[in-house]
Amino acid sequence: MGNYICSKCRGPAVFRMRHHRLAFCQPHYLEWFIDQTARVIEKYHMFAPTDRILVAVSGGKDSLALWDVLWRLGYSVDGLYINLGISSEDDDYSNESQDYAEDFANQNGLKLHVVDIPQQYGESIPQFAARSQRGRIKPCGVCGLIKRHVMNRVARDEGYDVLTTAHNLDDEAAVLMGNAMTWQVDLLQRQYPVLPAEDGFTRKVKPFCRFYERETAAYSLLRGIEYEEDECPFSIGSKQLAYKDLLNKMEENTPGIKMNFYASFLNARSAGYFIPHNQADNEQSRELNKCPICGQPTASEDACAFCRLVKAG
């Protein structure tokens, strides 16, 4: 990568970060990445050394990197892969992604839970989406609903203290931009690196929220982690990808603008902005019931959205 030198040992660098004004050789980048993850965990009080942690694993670079880092930091951490049944004539996306997750677990002697949606519930994500409200809900919306339900169920039933996801800075900044564009205040209130356990929901954390996507990709590449490189075929044309492209163009001209955008939001949120003026009304509006079918929390007085979707089949 040109003539850049490692910021720590002054040897040849293999990865440069303009926004940090840093460059590292392979060993020192891997060391820096793990150390920065540990700092984020401590900064936001994500979990304790004694907690049992479940990582949502997609088979991609971010989630496998997160599992690898937490394991190397000495945490008790298992993985969860949800097979969504997504495939096409040219690409068996879900099964190939599962292979990468299983290979990583086997190579490192780690435990992986696998939930196969078509086997367990009789339909794949595309099939659920095709019949949900006569196909008016896009597969991504159905996918999010099902994954949130399954992740919380497995974490709860298997006794995990924390559920971690590998959302990176690019993900968080794109979501923030989308929510801010239309001032989705209820969503802005909940966007944070930690969602506490409450009302039957397992604690959820995002240890990679301050890493650029290219940084997690570099970690996986330099660590030698094999992962699914293809994006989900249903993500093509999504609004979030459009926001990512726009933010990437801004980042090219102003290195660090994505970090500044997200970090400034977190600072404003911590200062009390985006918090309801009437906390009592907010708590009342969030009062949840227990789904009579699955037992998970729901705002509905009847079955939760997930159970209604499955039952309608």
Side-chain angles (χ1 to χ4, degrees), residues 1-44 46-47 49 53 55 57-75 77 79 100-101 103-110 164-174 193 205-231 244-245 247-264 266:
M1 55 163 294
N3 297 319
Y4 293 105
I5 60 175
C6 177
S7 301
K8 190 163 185 178
C9 70
R10 316 309 292 174
V14 299
F15 188 68
R16 180 189 177 219
M17 295 169 283
R18 291 173 62 198
H19 52 286
H20 287 311
R21 297 182 180 178
L22 292 172
F24 290 111
C25 64
Q26 179 176 354
H28 286 134
Y29 179 73
L30 297 174
E31 178 184 278
W32 174 87
F33 191 91
I34 292 175
D35 180 64
Q36 291 299 308
T37 305
R39 289 190 178 198
V40 170
I41 292 169
E42 181 179 359
K43 177 181 177 66
Y44 295 106
M46 291 187 171
F47 39 76
I53 302 168
V55 179
V57 179
S58 68
K61 61 185 182 306
D62 299 311
S63 60
L64 292 180
L66 177 59
W67 198 2
D68 185 79
V69 170
L70 296 182
W71 167 59
R72 291 178 185 277
L73 284 170
Y75 289 102
V77 55
Y100 282 108
D103 288 346
F104 180 85
N106 292 333
Q107 290 167 10
N108 296 292
L110 300 171
T164 66
T165 59
H167 292 87
N168 57 48
L169 176 63
D170 294 53
D171 298 322
E172 292 297 289
V205 302
K206 303 172 184 177
F208 278 3
C209 64
R210 297 178 75 97
F211 283 122
Y212 283 74
E213 184 174 354
R214 65 185 295 268
E215 294 170 352
T216 61
Y219 180 87
S220 291
L221 178 64
L222 295 175
R223 181 64 76 188
I225 298 172
E226 296 185 353
Y227 58 86
E228 174 61 68
E229 297 183 19
D230 293 334
E231 296 285 345
K244 282 187 175 183
D245 289 341
L247 287 163
N248 285 337
K249 292 176 182 177
M250 297 170 66
E251 185 78 21
E252 289 178 7
N253 296 323
T254 311
I257 195 169
K258 279 190 278 192
M259 177 65 78
N260 186 56
F261 177 48
Y262 180 61
S264 297
L266 294 182

Open item on the list: Checking the side chain of Ser7 only, and the main-chain atoms of Ala23 only, is there a donor and an acceptor separated by less than 3.5 Å?
Closed with: yes

Open item on the list: Side chains of Trp71 and Asn108, heavy atoms from C-beta outward: is any pair under 4.5 Å?
Closed with: yes

Open item on the list: Quick one: does any side-chain atom of Asn260 pair with a main-chain N or O of Gly256 as donor and acceptor, under 3.5 Å?
Closed with: no

TODO: Could you pull out all residues at least two apart from Asp170 that satisfy side chain to side chain contact (heavy atoms under 4.5 Å, CB included)?
DONE: Asn168, Tyr212, Glu213, Lys244, Asn248, Lys258

- [ ] Looking only at non-hydrogen atoms, find the nearest pair between Ala101 and Leu64 and report the distance.
- [x] CA-CD2, 4.3 Å

- [ ] Look up atom CZ in Phe104 and atom OG in Ser63, then write down how far apart they are to the nearest 0.5 Å.
- [x] 9.5 Å

Open item on the list: What I'd like to find out is whether the side chain of Pro12 reaches to under 4.5 Å of the side chain of Val14, using heavy atoms alone.
Closed with: no

Open item on the list: Between His19 and Glu215, does the side-chain hydrogen bond (donor to acceptor under 3.5 Å, both in side chains) criterion hold? Intermediate values first, please.
Closed with: CA-CA 12 Å; His19 52 286; Glu215 294 170 352; 2.8 Å; yes

Task: Which residues share a ring pair (Phe, Tyr, Trp, His ring centres under 6.0 Å) with Tyr262, sequence neighbours left out - done: none

Task: Approximate separation, where rounding is to 0.5 Å, of Thr164 OG1 and Leu66 CG - done: 4.5 Å

- [ ] Mind checking the CD-CZ spacing from Glu252 to Arg18? Nearest 0.5 Å is all I need.
- [x] 8.5 Å

Open item on the list: Minimum heavy-atom separation for Cys6 and Ala13, please, with both atom names.
Closed with: N-CB, 3.8 Å

Task: Approximate separation, where rounding is to 0.5 Å, of Ile41 CD1 and Arg39 CZ - done: 13.0 Å

- [ ] Check Val69 against Phe208 and note the closest heavy-atom contact, atom names and distance.
- [x] CG2-CZ, 4.3 Å

Tabulate below the donor-acceptor pairs under 3.5 Å that side-chain atoms of residues 218-229 make, not counting sequence neighbours, or state none.
residue: Tyr219; atom: OH; partner: Asp68; partner atom: OD2; Å: 2.5
residue: Tyr219; atom: OH; partner: Arg223; partner atom: NE; Å: 3.2
residue: Tyr219; atom: OH; partner: Arg223; partner atom: NH2; Å: 3.3
residue: Ser220; atom: OG; partner: Lys61; partner atom: O; Å: 3.0
residue: Glu228; atom: OE2; partner: Asp230; partner atom: N; Å: 3.0

Task: Residue pair His28 / Cys9: nearest heavy atoms and the distance that separates them - done: CE1-CB, 3.4 Å

- [ ] Please confirm whether the backbone N or O of Lys206 pairs with a side-chain atom of Thr165, one donor and one acceptor, at under 3.5 Å?
- [x] no

Open item on the list: Could you measure the distance from the CZ atom of Arg10 to the SG atom of Cys25? Nearest 0.5 Å is fine.
Closed with: 11.5 Å

- [ ] Can you label the angle between the Phe33 ring and the Phe211 ring as parallel, tilted or perpendicular, going by 30° and 60°?
- [x] parallel

Task: Considering all heavy atoms, the nearest Arg210-Leu169 contact - done: C-CB, 4.1 Å

- [ ] Rounded to the nearest 0.5 Å, what's the gap from CG on Leu110 to CH2 on Trp67? Could you check?
- [x] 5.0 Å

Task: Nearest heavy atoms of Arg214 and Arg16, plus distance in Å - done: NH1-O, 3.1 Å

Open item on the list: Once you measure the plane-to-plane angle for Phe24 and Tyr29, does it fall in the parallel (<30°), tilted (30-60°) or perpendicular (>60°) bin?
Closed with: tilted

